[in-house]
Every structure is written in C-alpha cells, then in structure tokens.
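Have a look at the structure below before the remarks.
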Amino acid sequence: MKFSQLIFQLEANPSEANPSEANKTSLDSHPNLDPDLTGAAPVESAPSGTLSYIEGGKFAAQINKTNASALILPQHEPFQLQATERGIAWVSVAAPRLMFAQAIALFYTPFRPAPGIHPTAIIDPTAAIGAGVSIGAHVVIQAGVTLGNGVCIHPNVVIYPNVKIGDRTLLHANCVIHERTQIGADCVIHSGAAIGSEGFGFVPTSQGWVKMEQSGYTVLEDKVEVGCNSAIDRPAVGETRIARDTKLDNLVHIAHNCHVGESCALAAQVGLAGGVKTGKGVILGGQVGAANLSYIGDRAQAGAKAGIHGNVEAGAVMMGNPATPYKTFLKSSAIYNRLPEMHQTLKQMQQKLEELQQQIQAIEGQNQSDFLQSSTKDT
Amino acid sequence: MKFSQLIFQLEANPSEANPSEANKTSLDSHPNLDPDLTGAAPVESAPSGTLSYIEGGKFAAQINKTNASALILPQHEPFQLQATERGIAWVSVAAPRLMFAQAIALFYTPFRPAPGIHPTAIIDPTAAIGAGVSIGAHVVIQAGVTLGNGVCIHPNVVIYPNVKIGDRTLLHANCVIHERTQIGADCVIHSGAAIGSEGFGFVPTSQGWVKMEQSGYTVLEDKVEVGCNSAIDRPAVGETRIARDTKLDNLVHIAHNCHVGESCALAAQVGLAGGVKTGKGVILGGQVGAANLSYIGDRAQAGAKAGIHGNVEAGAVMMGNPATPYKTFLKSSAIYNRLPEMHQTLKQMQQKLEELQQQIQAIEGQNQSDFLQSSTKDT
Amino acid sequence: MKFSQLIFQLEANPSEANPSEANKTSLDSHPNLDPDLTGAAPVESAPSGTLSYIEGGKFAAQINKTNASALILPQHEPFQLQATERGIAWVSVAAPRLMFAQAIALFYTPFRPAPGIHPTAIIDPTAAIGAGVSIGAHVVIQAGVTLGNGVCIHPNVVIYPNVKIGDRTLLHANCVIHERTQIGADCVIHSGAAIGSEGFGFVPTSQGWVKMEQSGYTVLEDKVEVGCNSAIDRPAVGETRIARDTKLDNLVHIAHNCHVGESCALAAQVGLAGGVKTGKGVILGGQVGAANLSYIGDRAQAGAKAGIHGNVEAGAVMMGNPATPYKTFLKSSAIYNRLPEMHQTLKQMQQKLEELQQQIQAIEGQNQSDFLQSSTKDT
C-alpha cells in the first residue's frame with residue numbers, strides 16, 4: 001500500500017483523538033515521497049518499507065536511526081523536519097499511538113475461523129445457537145447455553161450449563177465458562193481463562209473447613225477482555241461483575257463478589273480478593289493486590305506490586321504495600337535505601353548529645369564552683 | 001420454603017458451631033412472621049423474599065437497610081431487636097456464616113453431570129474405573145489409572161498414566177493430572193489446574209542448564225481443593241504432598257517437594273518455592289511467597305503479599321517482605337510513610353546539634369577567658 | 001543396579017562439572033561395599049537401597065542420619081569418612097547435584113507416548129508433519145502448521161495456524177500455541193501454557209479502549225522450557241523472543257515485545273511487562289516483576305518478589321521493591337523493623353536537644369548576669 005493511500009484511508013475514519021483537520025503530512029510538501037508500505041513495525045527494528053510511530057520525546061532519537069519508510073509523529077515540528085531530512089514520509093497527529101493502532105488494522109487481518117460447527121463439537125440439544133457462529137473442534141456446550149450471533153469459539157473450550165454469551169464474543173482455545181455465567185457482546189476470553197468458577201468459600205470449624213456452596217454467578221458486560229489463564233470466580237450468593245469495556249491481562253485473579261467498574265485495565269497477575277469494588281477507569285499495574293472489601297475510586301491508579309487495603313480515593317495514584325500516594329512512596333522508598341546511613345547518623349547524634357550534655361554539666365559544675373568561689377571571695 | 005421450615009431443617013443437623021439449644025429465633029415471639037424464602041443473597045443487595053446473614057459488628061448497619069426477609073444473626077440481642085422492628089424474621093446463632101453455608105445448601109443444588117462415560121472419552125483399557133463415575137466428553141485417561149467410586153470428571157480433562165483418584169473426587173474441565181499423582185477422596189480440582197507436573201529442576205553448567213528428570217510424584221490427601229489454573233509440581237525424587245482438608249485458591253504455585261499440612265488455606269496467587277513445609281491450619285493471604293526450604297509452623301498466618309524466609313513459629317502472624325510479626329510490620333509501615341519527614345527532622349537536629357556545640361564552645365571559651373580575666377584580676 | 005555399575009555408567013559420560021579423574025569413590029578402599037540400588041531419593045527420607053546426594057555443608061548432618069545406601073558427596077574428606085563409617089557407599093565429585101541429575105536419568109525413564117497420530121486428532125491437510133511424531137487424542141492442528149521430527153504433542157493441545165515447531169519439542173496436555181509462533185527444537189511446553197497469545201494492547205480514548213491488533217509473533221529458540229499455565233504474549237508489531245536454553249517456571253507472564261536472553265531462569269509467577277529485555281544467564285526469583293522497557297544485564301539476579309524498574313547492571317544482585325542491590329536491601333530491611341524504635345529515639349533526642357538548648361540559654365543568661373554583676377562590681 002502506498003503511504004498516500006494509507007493516509008487517505010486513515011483520514012477517512014477520523015477519530016476524536018486525531019481529527020483529520022489537525023493532521024499534517026509530508027505529502028503536503030513532498031508529494032513524491034510516497035513509499036510502498038508492506039506492514040507496520042517497532043521503530044527500533046523497523047525494516048525499510050514499513051510504517052512505525054513515535055509516541056513522544058522518549059523515542060525521538062529513533063527518528064534519526066530508524067529504517068522505517070514512514071512514521072506517525074506527534075504534532076511537533078522539529079520531529080517533522082528530522083523525518084523529512086532523512087527521507088521518511090510522515091503524518092503528524094494528536095494521538096500517534098491511536099493512529100498506529102488504526103494503521104495496523106489496515107495491514108493485518110486477525111485469524112478468525114470460518115463460521116460453522118465442527119462435527120466433533122458436543123452441543124447439548126437444549127442450547128440456543130445464534131446465526132453465523134463458529135464452533136471449533138472438541139468444544140463442549142452444555143444444557144441451556146445461549147450463544148448470540150457471530151459468536152466464535154475456538155477448539156477445546158468447555159461451556160457449563162445455562163451460560164449466556166453475547167453477539168460476536170470470541171472464546172479462545174481451552175478456556176472454561178462455568179454455570180450461569182453471563183458474558184456480553186464483543187468480549188474476548190483468551191486461552192485457558194476460567195470464568196464463573198467457584199469462589200474460595202470455606203468456613204472454619206473444629207472439624208476442618210466446611211464448604212460454602214457457590215450459588216451465585218459471574219457477569220461480564222460488553223467489550224470485556226480477559227487474559228490467558230485468568231480466573232474470575234462466582235460468589236456464594238449474588239454476583240461477581242466486570243463492567244463494560246474493562247480489560248484484564250493474563251493470570252489475573254478476581255475473587256467472588258468483586259465488582260470492577262467500566263473501562264478499567266488490570267495488568268497481568270493482579271489479584272482482587274473477595275468483594276473488592278472499583279469505580280470507572282481504574283488502572284492497576286502488574287501484580288497489584290487488593291484486600292477483601294477494599295474500594296478503589298474512579299480513575300484511581302496503582303503502580304505495579306501495590307498492596308491496596310481499605311479505600312482509595314477517586315483519581316489517586318498509589319504505590320507500595322500497604323499502598324500510599326505515589327509521591328509519598330517515591331520519597332519514602334528513596335530514603336529506605338539510606339536507612340542504614342540514617343541509623344548510623346542517629347547513633348552518632350546520640351553519642352554527640354551525650355557529650356554535649358556532659359560538657360554542659362561540666363560548665364554548670366564549674367560555674368557553680370566559680371560562683372561559690374566568687375561568693376566566698378565576696379564575703 | 002417457609003422460614004420456619006428452613007429453621008427446622010437447619011436445626012435437624014446441628015453442628016458444634018451452632019448448637020441448636022443455644023439458638024434463638026424470632027419464631028419464639030413472632031410465630032406469624034414466617035416469610036416464604038426463595039433463596040439466599042448478600043445482605044447489601046438482598047431482594048425481598050431472601051435469606052441473608054450478619055457476620056459481626058462490621059455489617060450491623062445492614063440490618064436497618066437490607067430488604068432480606070430473614071437474617072441469620074450473631075448472638076447479640078440489639079441485632080435481634082432491630083431485625084424484629086423491621087419485620088425481618090431471624091435466627092441468632094454462634095456461627096452465622098457457618099449456618100448461612102448450611103442454608104445455601106438447602107436452596108442450591110450444585111451442577112453435577114449424571115453418571116456415565118461419554119462416548120468421546122478415550123480411556124486406556126488398563127485403567128480401573130470405579131462404580132458410578134461420570135466421565136465427560138473428550139476426557140483422556142491413560143494407562144494404569146485408577147478411579148474410585150463416584151469420581152466425576154468434566155470434559156477435556158487429561159489424566160497421564162498411573163494416576164490414582166479417590167472416591168467422589170471431582171475434576172473440573174481442562175485440568176491435567178500428571179503421571180503417578182495420587183489424589184484422595186472428596187477432592188475438588190478446579191478448571192485448568194495442573195497437578196503433578198514436572199518440578200523446575202535444572203543444574204547450571206558452563207554449557208547451559210542440564211535438566212534433572214522429575215522422577216517423584218505428587219500426593220493430594222482427602223478433601224483437598226485446588227483452584228483454577230493452579231500448579232502443583234512433582235519433585236526429582238520423593239514426593240510433593242498436600243495434606244487432608246487443605247484448600248488452595250486460584251493460580252497458586254506449589255513447587256517440588258513441598259509438604260503442606262492439614263487444613264491449611266492458601267489464597268490466590270500464593271507461591272511456595274522448593275521444599276517448603278508447613279504445619280497444620282496455616283493460612284496464607286493472597287500473593288504470599290515462601291522461599292526455598294522455609295518452614296511455617298502450625299496455625300501461623302501470613303498477610304497478603306508477605307515474603308517468608310526461614311522459619312515461622314507456630315501461631316505467628318506475619319506481614320511484609322521479608323515477613324515480620326504483623327505488629328512490627330504495622331508500626332514500621334506506618335512510619336515508612338513518614339520517612340521523608342524523619343529524614344528532614346534528622347537533618348534539622350544535626351544542624352541544631354552543631355549550633356549547640358558552637359554555643360557551648362563559645363561559653364567555654366568565654367568562661368576560660370573570664371577565668372583568665374578573673375585570675376588576672378585576682379592576682 | 002549395583003553401585004559399582006552406576007559409577008561405571010556415570011563415569012562413562014564425564015561432564016566438565018565432574019571430571020572422572022577427580023572423582024574418588026568408596027569402591028577404591030571398600031570394593032565389597034557395593035549395594036544394590038533400586039532408585040534415587042531425597043537424603044532426609046531415603047529408604048535403604050537408594051542413592052542420594054549431599055549438595056554442601058547445609059545438608060552434611062544428613063550423612064549421619066540418612067538410610068540411603070549410597071551417596072554422591074562433594075569433594076570433602078570428612079564427609080567421605082563419615083559415610084564410610086556408616087557403611088554407605090559413596091562417590092565424591094566436584095558437582096554432586098549434576099551427577100545426581102545424571103544418576104536419576106539412569107533409574108528413571110520419563111513417560112513419552114509412542115509415536116503415532118491419534119485418530120481423534122484434527123489435523124489440517126495443509127500442516128506439514130515430521131517423521132516419528134506423537135500426536136495425542138483431541139489435539140487440534142490448524143492450517144499451515146509445521147512440526148519437526150520427533151515432536152510429541154500430548155492430548156487436547158490446540159495449535160493455531162502457521163505455527164512452526166522444531167524437532168523433538170514436547171507439548172504437554174491442554175497447552176495452546178497461537179498463530180505464527182515459532183518454537184525451536186528440544187523445547188518443553190508444560191500443561192496449560194499459552195504461547196504467542198495477544199499482547200495487552202489498548203489505546204485509551206474518551207469513548208473507551210481501542211484495541212490495537214497484535215500482528216506480531218512469538219519466538220522460542222531451542223531448549224526453552226515454559227512452565228504450567230504460563231503465558232507469553234505476542235506484540236502488536238515485531239516479536240517477543242525467548243532465547244535458547246532459557247527456562248520459565250509455572251504461572252510466568254511474559255508481555256509483548258519482551259526479549260529474554262540465553263540460559264536465563266525465571267522462577268514461578270514472575271511477570272515481565274511490555275518490552276522488557278534481559279541479557280544472558282539472568283536469574284529471577286519467584287514473583288519478581290519488571291516494569292515496562294526495563295533492561296536486566298547479563299547474569300544479573302533478582303531475589304523473590306523484587307520489583308525491577310529501569311536498568312539493572314550486568315552481574316548485579318537485586319532485592320526489594322523498587323529493587324536495590326541486595327546488600328543495601330538486607331541492611332535497610334533489617335532496620336525497617338526497627339523504625340518504630342528509631343522514631344522513638346528521634347523524638348527523645350528532640351526532647352533532649354530542647355532541654356540542652358534551654359540549659360545553654362540558662363547558662364548564657366547566668367553568665368551574662370554574672371558578667372553584668374561582675375562588671376558592676378568592677379566599677
């Protein structure tokens with residue numbers, strides 16, 4: 001595809017983040033610099049004939065090094081000049097990464113199995129199957145399951161009874177959807193994930209643990225993604241809910257009765273204990289944990305490995321364990337490494353204080369004796 | 001089911017934790033307050049016509065808000081009065097959560113596939129299959145496997161050779177049981193778990209890693225539960241053992257040669273490195289890790305994210321990384337956030353010490369000079 | 001097998017780590033102490049008739065307790081004498097653990113399914129299948145897949161289109177290999193692992209997350225092992241790469257665009273965020289996390305639970321979060337537990353400083369008044 005064709009297609013679908021009127025491109029001044037592009041590539045290893053992008057200042061040095069033939073740039077004139085000098089075609093937009101995502105979609109067609117039901121799939125006769133579904137080999141669909149139109153189920157997926165799956169939702173290989181789970185439209189469940197599995201509910205007694213049956217269910221609203229080998233439990237009573245447009249990475253654990261708000265992103269290996277609730281737009285870094293019944297407010301963020309207890313205010317950015325506002329954490333963790341030095345200083349100061357105290361006592365003693373002397377003398 | 005019927009059934013099976021003689025119920029004084037109950041629900045979202053429970057003071061405010069028609073209460077008279085005032089039927093017991101677990105089991109029948117062997121299951125002729133088993137679609141059972149009576153295996157499970165599985169044990173979809181594993185009776189292995197997989201055993205040499213074959217095996221005793229996508233490795237030699245009644249949550253990692261004691265509970269994403277041993281009744285919070293060969297004594301607990309090294313005494317409650325007794329951790333972590341302030345104070349004090357020292361030197365100097373003066377005068 | 005036969009076979013294949021000329025054995029002085037050995041066992045629970053080993057001083061006390069009939073010892077004469085006294089046959093070598101690994105391989109034949117393709121496997125006609133492969137029940141192999149010679153695929157594995165798998169590579173049950181993944185020769189992918197799955201790529205907009213299609217691919221070079229239920233994502237563009245001889249334990253997460261160097265070992269539950277790069281021989285303890293785009297130099301190590309940000313120098317040993325050199329961490333974490341005491345000391349010192357200051361002021365006041373007095377007197 002010619003660079004000019006790519007720009008034409010991208011600008012045909014302007015998004016709020018890169019309004020076409022604001023875009024500049026090297027085509028304006030150098031219409032003949034119009035390379036053939038065969039694909040998209042990372043800027044640092046892009047071969048000639050590919051498109052790449054520069055997110056911000058951090059990667060700017062790559063403009064002078066990359067072999068990419070075209071670049072999506074931020075709206076920064078020096079970058080445009082640098083690219084032009086090196087004979088790289090460019091477009092300059094408000095949201096380079098978003099436009100790059102749109103560009104990839106022009107070069108790349110994701111693998112989707114053709115519609116149809118593989119003869120080795122085992123489908124209970126009570127299941128209601130929508131139009132245009134694709135059901136792979138060895139899939140098992142149990143009683144009372146409802147699949148929307150265009151649902152795509154990769155091989156070896158198991159769906160327990162009475163599950164509902166919305167239109168166009170995609171289930172990757174070997175994932176398991178447990179009884180009564182409700183999955184919305186346009187969701188993606190990645191390989192090996194377990195959705196709606198039994199919550200970890202045991203009551204201690206002197207004879208050992210008594211199991212609390214998990215009679216609740218799990219809901220994923222529309223546009224939810226769940227990463228590979230993640231697990232989202234259902235509760236003893238009530239529901240576990242992941243609201244629309246929320247994205248979970250690989251190996252995430254969501255316990256019973258959690259309610260994760262809209263448009264959140266939970267990075268890999270995050271764990272939410274029982275009954276955690278979050279607002280909208282919450283972002284949790286990798287390996288973050290949140291304790292039972294904590295509440296994380298709208299748009300709050302937690303850095304990787306943070307341990308959340310209690311309530312996090314809307315918009316807060318937290319780090320550390322127990323999590324604290326990141327400014328405090330950064331200061332405290334910087335000083336943490338100087339604790340041995342601080343401890344040493346403290347001991348030296350104690351020593352010095354002792355010495356000063358003795359000196360003062362000596363002075364006082366001397367003054368007293370001087371006074372006595374002088375008194376004596378005076379008399 | 002009428003509330004009175006529910007109470008009748010629950011009291012027909014008294015457990016030590018809620019001896020029926022100690023129970024009080026609103027039926028004693030208000031026999032006509034006998035609602036029809038359709039199910040159990042979480043107290044904060046319970047619709048009318050459901051049963052819920054109050055665990056302790058933390059949830060007490062819910063008695064005045066809930067729409068539940070019946071409540072299981074702790075033995076606390078003010079709660080009883082509040083519930084009665086709001087027209088809520090109640091029973092008051094020593095262990096409300098335990099009784100709630102028993103109540104759920106009266107409303108809810110967990111899904112269990114019917115006995116029988118699905119025609120698509122592949123079962124080696126040398127396998128010994130007990131009576132009344134249920135073996136789902138596409139299950140693979142290899143040579144020398146023994147299944148007890150009433151074993152239930154969901155679809156797409158793979159069992160490697162020479163595995164033994166005890167009576168009534170339940171294997172959820174897509175889990176994998178590796179060669180020579182021994183699983184007791186009444187165990188539950190959740191979806192995607194891998195049991196008896198190869199330990200991570202490699203010996204470093206100058207030509208790279210040399211693999212140590214994992215010739216040992218894994219044992220789960222009776223009543224063990226293993227959460228979704230957890231992994232329990234077998235060792236190079238000897239065994240990995242999870243003792244009876246121990247419960248593991250999702251995404252837990254148990255390395256080769258670990259021995260986890262009876263009636264422990266390991267929350268999600270816990271990781272035990274090679275050769276970790278625990279006593280009985282140990283409780284580990286989410287994302288806890290224990291280093292190679294550590295020992296965790298009977299009834300010890302570790303808070304979420306704790307990092308355990310070496311030995312933990314019986315009954316200890318640990319937090320932090322490296323883990324310390326929780327009282328120390330709580331104090332230290334509170335001060336951690338004030339480290340920048342402490343550091344500032346320390347610097348100010350150093351400054352002040354300098355000043356005091358100079359003042360003292362000045363006084364000493366002055367006194368010396370006064371002394372000289374006065375001596376001179378005296379002479 | 002007689003102990004003498006075992007020694008004969010082990011010394012027939014000397015490795016650099018245990019050159020046969022340096023080995024001593026009890027057979028030299030006690031040729032009749034030549035027990036029949038039935039297997040290998042952990043030293044602390046070895047029954048009579050088995051071989052075990054002593055790695056170093058830490059386990060030395062076991063020489064006086066073990067029931068093993070033969071031991072592989074380090075080159076340390078007192079250990080040899082102790083073993084001989086107890087009637088234990090021994091061989092003494094430079095690398096006991098390596099020789100023990102070699103010994104296990106003489107006693108133990110790992111389970112490998114026979115070559116052949118199970119009739120229930122679904123193999124796309126465009127797949128190219130090498131000689132001597134073993135393909136288990138219900139395996140699904142999609143279009144354009146290439147399998148080398150001797151590849152072994154356990155049941156219920158799913159391979160997406162256009163995957164290449166090298167000679168003798170072993171795929172355990174229920175793992176999933178995604179489109180375009182390239183796996184080298186002699187790799188082992190353990191049960192439930194997902195390789196080449198979609199990276200976690202979403203661009204925030206005011207309408208919610210926009211998905212960035214993951215058009216890249218994942219490469220595992222030769223001799224890579226990936227633990228149970230681990231996940232290695234592919235990137236939006238470019239590749240994710242695990243270099244030769246690198247071993248990943250269970251439940252490890254490798255994000256898009258990571259490049260892990262040769263002969264590394266990543267323990268269980270490690271998580272690498274997007275674009276992390278490592279040198280060769282890097283060792284990461286359990287639950288370590290590394291933030292986006294961090295770089296970890298050759299032979300660097302990180303202790304369990306470390307949180308790595310930015311660059312780690314070659315050979316560094318890091319601990320803590322944020323990770324610091326382990327010496328600093330050990331000192332700081334020791335003092336961390338004494339923070340309350342330090343805080344107390346600091347407050348006491350502040351108090352004392354105040355007192356000293358007052359005393360000094362008092363002295364100065366007194367001296368001033370003395371001076372005035374004496375001046376007055378003088379006049």
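Here the structure is a predicted model, which means the values were calculated and not measured. These numbers come from the heavy atoms of this one structure, side chains and all, not from hydrogens, waters or symmetry mates.
For A:Ala290, no part lies under 4.5 angstrom from a heavy atom of chain B. Only the side chain of B:Gln287 comes within less than 4.5 Å of a heavy atom of chain A; its backbone N, CA, C and O stay farther away. With a threshold of 4.5 angstrom between heavy atoms, B:His190 approaches chain A through side-chain atoms but not through N, CA, C or O. Contacts of B:Ile363 with chain A are made by side-chain atoms alone, with heavy-atom separations under 4.5 Å and no backbone atom involved. When heavy atoms are compared at a cutoff of 4.5 Å, B:Cys175 does not approach chain A at all. In this structure, the portions of A:Ala236 lying under 4.5 Å from any heavy atom of chain B include both its backbone and its side chain. Of the two parts of B:Glu354, only the side chain, counted from C-beta on, holds a non-hydrogen atom closer than 4.5 Å to a non-hydrogen atom of chain A. Residue contact with chain B, scored on non-hydrogen atoms closer than 4.5 Å, involves the side chain of A:Thr324 exclusively. Using a 4.5 Å cut-off between heavy atoms, A:Glu213 contacts chain B through both its backbone and its side chain. Residue contact with chain A, scored on non-hydrogen atoms closer than 4.5 Å, involves the backbone and the side chain of B:His172 alike. Neither the backbone nor the side chain of B:Glu262 comes within less than 4.5 Å of any heavy atom in chain A. Interface residue A:Tyr160: only side-chain heavy atoms are found under 4.5 Å from chain B. If you measure heavy-atom distances from B:Phe329 to chain A, the contacts under 4.5 Å come from the side chain alone. Looking at B:Met342, the atoms closer than 4.5 Å to chain A (heavy atoms on both sides) sit in the backbone and in the side chain alike.
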* Check the pair A:Leu353 / B:Leu353 against side-chain contact (heavy atoms from CB on, under 4.5 Å), numbers first and verdict last. => CA-CA 7 Å; A:Leu353 261 178; B:Leu353 261 177; 3.9 Å; yes
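For chain A, the option among B:Gly320, B:Pro110, B:Gly192, B:Ala304 with the highest count of heavy-atom pairs below 4.5 Å is B:Pro110. When each of B:Leu330, B:Leu248, B:Thr50, B:Thr109 is checked for heavy-atom pairs under 4.5 Å with chain A, B:Leu248 comes out on top. When B:Gly285, B:Ala46, B:Ala268, B:Pro155 are compared by the number of non-hydrogen pairs under 4.5 Å with chain A, B:Pro155 comes out ahead. Ranking B:Asn321, B:Leu356, B:Leu266, B:Val188 against chain A, the residue ahead of the rest is B:Leu266, based on heavy-atom pairs under 4.5 Å. Across A:Gly201, A:Ser333, A:Gly216, the residue that shares the most heavy-atom pairs under 4.5 angstrom with chain B is A:Ser333. The candidate from B:Cys228, B:Ser45, B:Ala173 with the greatest count of non-hydrogen atom pairs under 4.5 Å with chain A is B:Ala173. Ranked by heavy-atom pairs shorter than 4.5 Å toward chain A, the options B:Pro42, B:Gly286, B:Gly281 are led by B:Pro42. With respect to chain B, the highest number of heavy-atom pairs below 4.5 Å among A:Pro161, A:Ala231, A:Ser197 belongs to A:Pro161.
Remark: the backbone N or O of A:Ala193 is not paired with any side-chain donor or acceptor of B:Asn229 at under 3.5 angstrom. With hydrogens and angles disregarded, no donor-acceptor distance shorter than 3.5 Å links the side chain of A:Ser332 to the backbone of B:Pro340. The closest donor-acceptor contact from the side chain of B:Ser191 to the backbone of B:Asn174 lies at 3.5 Å or more, if one exists at all. Judged purely by atom type and a 3.5 angstrom limit, B:Thr246 uses its side chain to pair as donor or acceptor with the backbone of B:Gly261. Checked by atom type and distance alone, the side chain of B:His154 never pairs as donor or acceptor with a backbone atom of B:Leu170 at under 3.5 Å. Panel note: side chain B:His138, backbone A:His138; a donor-acceptor pair is recorded below 3.5 Å. A donor-acceptor pair under 3.5 Å links the side-chain atoms of B:Gln269 to the main chain of A:Leu251, judged by distance alone. Judged purely by atom type and a 3.5 angstrom limit, B:Asn156 uses its side chain to pair as donor or acceptor with the backbone of A:Asn156. Put simply, the side chain of B:Ser52 gets close to the backbone of B:Ala41: a donor and an acceptor are under 3.5 Å apart.
The side-chain hydrogen bond (donor to acceptor under 3.5 Å, both in side chains) test with B:Asp186 is passed by exactly one of B:Arg244, B:Lys223, B:Arg168: B:Arg168. A side-chain hydrogen bond (donor to acceptor under 3.5 Å, both in side chains) with A:Glu198 holds for exactly one of A:His256, A:His178, A:Gln214, A:Lys211; it is A:Lys211.
In the model, B:Glu44 has no side-chain atom that pairs as donor or acceptor with a side-chain atom of B:Gln62 under 3.5 Å.
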